K.L.:
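Before I ask anything, here is the structure I am working with.
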Amino acid sequence: MFLAPFVGKWARKSVSTAISATSFIVFLIFDFLDIVFCIIYRYLDKLFEGKPSPCYCGDRREIQRSMGDDEDSELSETLYGRTNVFRQIRFLGFGRNSENRKKSFGGGSGIRIWSDCGCESCVSWMKDGGQNLHVVVKEPSTAASENCHGDVTENVIFLHGFISSSSFWTETVFPNLSEPVKRNYRLFAVDLLGFGRSPKPRDCYYTLRDHLEMIEKSVINPFQLKSFHIVAHSMGCNISIALAAKYWHCVKSVTLVAPPYISSSKEEASFTALHKLAGKRLWPPLLFCSSFMSWYEHLGRCVCLFVCRNHRIWERILKLLTWGRDLHFMIMDMTKHTHHSAWHSMHNVLCGGAKFQEKMLENLMKDGVKICVIQGDNDKVIPLECGKNIKSKVPNVEISIISNAGHLNVIMGREKDFTRDLELIWASFADTE
């Protein structure tokens, strides 16, 4: 009995040591394999494309020199600062020259790389030149009352999270709206740049600026929005904060669902976000997948080559296994991106965007923008502390913690309750206004 606490402590320490050792070995193997596939893809790209595609395995200073000052400042340090014990072994000769990619949404930007899917649904954005995002617009069901500018009474922009699309909102919130909202609200569900049916150009870095410019070009400017609410989930929260900071005079409210806000100094914010949101861990599975796809550029490309490029085959197999039933929209959304778009959005929005968030939130607080945070207390992807971090920067933020809810089922599985909460947020602003 006297030795029991010591035995228990020793056992826990032994298990923890075993897990740490296993994790170290597994990720060391991944480090090596990523370098091997860097070499493999260099030759495959040259074979199929005529020249190797640029990557971030080379020298950091060389990569920075190949970009303009503006482009470099927009890139996350995590792209070329990820540690890999084999990267310093020069005799392997894996480092490749980084080529300067001119940023334009035309001409060469429409060319697909050999490892991307070229089916009709994946390249449909190229038919109209790929100039605008795909946006699902739900107009008011009847003639809505108009304000002095002639605008619909209320507008709402919905931004989805990582590896998702506008379906995340059209399949959950849109079917559960109340009749008053259907009559008086105009809703915009956006496929973010690089996802869903939106453009996925190769010559784009998918920075916050790129995402904002496309939202402006595809939603705010063509529909002449003078005021709007914003609702965002996960990665979309970073974009929504930047959008609200730029259009603070137009934004009525911002609802952040599972926001990945990591409090840190600007100099360390990107790497802090990478370690917090995608640290090298074997468990739980979601975090392992996040770390694998965030740390290993070329292994991640292998996954996209195997899954995304062959998504039609996997969809047919799943339909056979489910007796011809329609596949869940989340399964369909998982393949609606390229490795290039997902890789850069992960680093430049989730990690690189972290260094701008603190200043943006401070500005939103000064401008009096209403911010609401909704998060599940069982979220294994976004730490619960993220909502509290926002509260420390914006004291008047409203936080709702949903019991027994995770990263996705904070919405899915409780669609009616979530939609009702959104409507209350919109209505509370109208009351105070």
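Values in this document were obtained by computation on a predicted structure and should not be read as measured data.
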K.L.:
Test your reading of the model: is there a side-chain donor-acceptor pair from K200 to the backbone of S198, 3.5 Å cut-off?
P.N.:
yes
K.L.:
Flag yes if more than 12 heavy atoms outside R414 fall under 6.0 Å of its CZ atom; otherwise flag no.
P.N.:
yes
K.L.:
Ignoring hydrogens and angles, tell me if any N or O in the side chain of R309 forms a donor-acceptor pair with the backbone of W114 under 3.5 Å.
P.N.:
yes
K.L.:
Tell me whether the rings of F158 and W169 are parallel (<30°), tilted (30 to 60°) or perpendicular (>60°).
P.N.:
tilted
K.L.:
How about M365: does its CE atom have over 12 heavy atoms from other parts shown lying under 6.0 Å from it?
P.N.:
yes
K.L.:
Is the side chain of H340 donor-acceptor paired with the backbone N or O of C204 at a distance under 3.5 Å, no angle test?
P.N.:
yes
K.L.:
Would you say the side-chain atoms of S218 pair up with the backbone N or O of L133, donor to acceptor, closer than 3.5 Å?
P.N.:
yes
K.L.:
Determine whether the aromatic ring centres of residues F162 and H407 are separated by less than 6.0 angstrom.
P.N.:
no
K.L.:
Checking ring pair (Phe, Tyr, Trp, His ring centres under 6.0 Å) against F30, which of F37, F24, F292 comes through?
P.N.:
F292
K.L.:
So, do I113 and H339 sit near enough that their side-chain heavy atoms are less than 4.5 Å apart?
P.N.:
no
K.L.:
Could you check whether the rings of Y56 and Y80 sit parallel, tilted or perpendicular, using 30° and 60° as the cut-offs?
P.N.:
tilted
K.L.:
Does a sphere of radius 6.0 Å around NZ in K391 hold more than 12 heavy atoms from other residues, nucleotides or ligands, not counting ones at 6.0 Å or beyond?
P.N.:
yes
K.L.:
Is the terminal nitrogen or CZ of R301 (NZ for Lys, CZ for Arg) located under 6.0 angstrom from the six-membered ring centre of Y41 and within 45° of that ring's axis?
P.N.:
yes
K.L.:
Say whether W125 and N132, considering side chains only, have a donor N or O and an acceptor N or O under 3.5 Å apart.
P.N.:
no
K.L.:
Looking at T78, is its backbone amide N or carbonyl O close enough to the side chain of R82 to form a donor-acceptor pair, meaning the two atoms are under 3.5 Å apart?
P.N.:
yes
K.L.:
Side chains of S392 and N389 only: does a donor on one sit below 3.5 Å from an acceptor on the other?
P.N.:
no
K.L.:
With distance as the sole test, does N348 use its side chain to make a donor-acceptor pair with the main-chain N or O of Y205 at under 3.5 Å?
P.N.:
yes
K.L.:
Check whether N310 reaches the backbone of I313 with its side chain - one donor and one acceptor, N or O, closer than 3.5 Å.
P.N.:
no
K.L.:
Between the main-chain N or O of L287 and the side-chain N or O of S291, is there a donor-acceptor pair closer than 3.5 Å?
P.N.:
yes
K.L.:
Hydrogens and angles aside, do E423 and Y185 bring a side-chain donor and acceptor to less than 3.5 Å of each other?
P.N.:
no
K.L.:
Looking at side-chain heavy atoms only, is the closest gap between H211 and L159 below 4.5 Å?
P.N.:
no
K.L.:
Looking only at side-chain N and O atoms, does N238 offer a donor or acceptor that is under 3.5 Å from a partner on Q357?
P.N.:
yes
K.L.:
For P383, does its backbone N or O pair with a side-chain atom of Q375 as donor and acceptor, under 3.5 Å?
P.N.:
yes
K.L.:
Could you tell me if the ring centre of H347 sits under 6.0 Å from that of W295?
P.N.:
no
K.L.:
Closest approach of P260 and L277, non-hydrogen atoms and distance?
P.N.:
CB-CD1, 3.8 Å
K.L.:
Quick one: sort the F195 and H337 rings into parallel, tilted or perpendicular, breaks at 30° and 60°.
P.N.:
tilted
K.L.:
So, does D191 use its side chain to make a donor-acceptor pair with the main chain of S165 at under 3.5 Å?
P.N.:
no
K.L.:
Does Y43, at its OH atom, have more than 12 non-hydrogen atoms belonging to other residues, nucleotides or ligands within less than 6.0 Å?
P.N.:
no
K.L.:
Over 60° means perpendicular and under 30° means parallel, so classify the ring planes of W426 and H229, tilted if in between.
P.N.:
tilted
